Visitor: 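I'd like to ask some things about the structure below.
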Amino acid sequence: MPELAEVEWFRKQWDAGRGREVIDVKALSSKYVFRGTDGNALRQNLIDQKLLRSKRSGKQMLFEFSGDNWLGIHLGMTGKTRVESSDFQSGKHDHLVLCQRERALVFNDPRQLGQVRFHHGEDKPDWWKDRPPEIDSREFDQKFFNEFLGRHRKAPIKAALLMQSGFPGIGNWMADEILWRAKVLPSKRIHKLTARERSAIFRATKWVVRRSLETLGKDFSDPPKSWLIHQKWKRGGICPIHRTPLRHATVAGRTTAWCPKCQR
DNA sequence: CAACCTGTTCGCCA
DNA sequence: ATGGCGAACAGGTT
């Protein structure tokens with residue numbers, strides 16, 4: 001489910017617990033989502049600590065706690081964070097519950113392709129360092145964009161858009177939305193793109209990210225009806241511009257929708 | 001029962 | 001050494 005804008009919304013859900021102590025931790029640490037993490041250390045360290053703040057980088061979330069404790073959550077395909085009341089009883093796929101006196105902060109992930117990581121130390125965890133620039137920042141500029149594409153000349157443009165090291169936060173629906181707006185066929189190889197097409201993709205990337213943060217990222221509301229996302233999953237989906245039936249195929253290993261009239 | 005899935009990582013191959 | 005691609009991960013839904 002979650003790409004950049006949805007992850008931003010899920011990150012903010014736990015803001016309700018900022019400044020408050022964790023009094024108990026329920027962690028099903030044998031589960032796949034805890035791979036590579038010491039569930040006991042997580043439990044021992046987080047109890048009695050306060051949630052201080054959180055950050056997002058691409059699709060990654062980092063929650064900082066007092067006492068030099070850091071909790072990383074990646075939502076994968078089906079992960080969600082939410083808040084429940086303090087007497088909440090955890091359900092089947094609620095793998096991690098941080099209990100506070102006033103509420104419970106819950107991480108749920110049926111499919112478990114997400115990941116929970118824990119780090120204790122003064123400095124941020126290694127896996128949070130050397131992140132690529134946020135698309136919605138000045139550091140994500142034409143130079144960075146062109147250099148990244150230059151390293152993947154033979155790949156279809158959609159494959160590059162899905163690479164988190166170059167387009168942090170972009171996922172399947174945002175990639176299709178960007179290429180539809182830029183009027184570029186998702187399967188087009190990067191070395192075949194014209195300068196004009198590259199520039200259109202750069203601008204559409206920034207635009208889709210900014211606009212989806214203003215809707216989905218802010219209050220989980222739908223982007224405008226004119227967006228491709230509303231059509232891409234439906235049977236009989238049409239181009240929002242002139243109602244041409246969308247085409248579907250697997251590109252870069254993922255289901256892809258595009259308008260055969262707009263995108264060439 | 002089979003195919004599919006808004007994500008990432010691994011191993012194989014060029 | 002680097003880049004491209006298919007499979008695997010786990011469990012639910014169509």
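Below, read A as the first sequence line, B as the second, and so on, with proteins coming before strands; counting in each chain starts at 1. None of the values given here were measured: they were computed from a predicted structure.
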Visitor: Check side-chain contact (heavy atoms from CB on, under 4.5 Å) between A:S199 and all other residues, then give those that pass, not counting sequence neighbours.
Guide: A:R203
Visitor: For the side chain of A:E3, counting heavy atoms from C-beta on, which of C:dG4, C:dC9, B:dG7 is nearest?
Guide: B:dG7
Visitor: Look at the side chain of A:Y32 and decide which nucleotide, out of B:dT8, C:dC9, C:dG3, has an atom nearest to it.
Guide: C:dC9
Visitor: Would you please say whether a donor-acceptor pair under 3.5 Å links the side chains of A:N108 and A:K92?
Guide: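 The criterion, which ignores hydrogens and geometry beyond distance, is not satisfied for A:K92 and A:N108.
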Visitor: What parts of residues 164-171 of chain A reach DNA chain B, counting only heavy atoms under 4.0 Å away?
Guide: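 When residues 164-171 of chain A is checked for heavy atoms under 4.0 Å from DNA chain B, the hits, listed by number, are A:Q164, A:G171.
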Visitor: Under 6.0 Å between ring centres: does that hold for A:F220 and A:F10?
Guide: yes
Visitor: NA contact type, A:R153, heavy-atom cut-off 4.0 Å: base, sugar-phosphate, or nothing?
Guide: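 If one applies the 4.0 Å heavy-atom cut-off, A:R153 turns out to touch the sugar-phosphate alone, with no base involved.
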Visitor: Produce the list of close N/O pairs, under 3.5 Å, pairing protein atoms with atoms of nucleotides 10-14 of chain B; give distances to one decimal.
Guide:
none

Visitor: Please walk me through it: do A:E102 and A:S86 pass side-chain hydrogen bond (donor to acceptor under 3.5 Å, both in side chains)?
Guide: CA-CA 6 Å; A:E102 307 80 359; A:S86 54; over 6 Å; no
Visitor: With sequence neighbours excluded, tell me which residues meet side-chain contact (heavy atoms from CB on, under 4.5 Å) with A:R43.
Guide: A:D24, A:V25, A:I47
Visitor: Given atom CG of A:L113 and atom P of B:dG7, what is their separation to the nearest angstrom?
Guide: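 The answer, rounded to whole Å, is 10 Å.
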Visitor: Would you kindly give the CD-to-C1' distance between A:Q60 and B:dG7, to the nearest whole Å?
Guide: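 Atom CD in A:Q60 sits about 11 Å away from atom C1' in B:dG7.
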Visitor: Report each atom pair, protein N/O against N/O of nucleotides 12-14 of chain C, whose distance is under 3.5 angstrom.
Guide:
from	atom 1	to	atom 2	distance (Å)
C:dG12	OP1	A:K92	NZ	2.9
C:dG12	OP1	A:H93	NE2	2.7

Visitor: Kindly indicate whether a cation-pi arrangement holds for A:R181 with A:W227, taking the cut-offs as under 6.0 Å to the six-membered ring centre and within 45° of the axis.
Guide: yes
Visitor: Would you list the protein and nucleotides 5-8 of chain C atom pairs, both N or O, that sit under 3.5 Å from each other?
Guide:
from	atom 1	to	atom 2	distance (Å)
C:dC5	OP1	A:R189	NH1	3.1

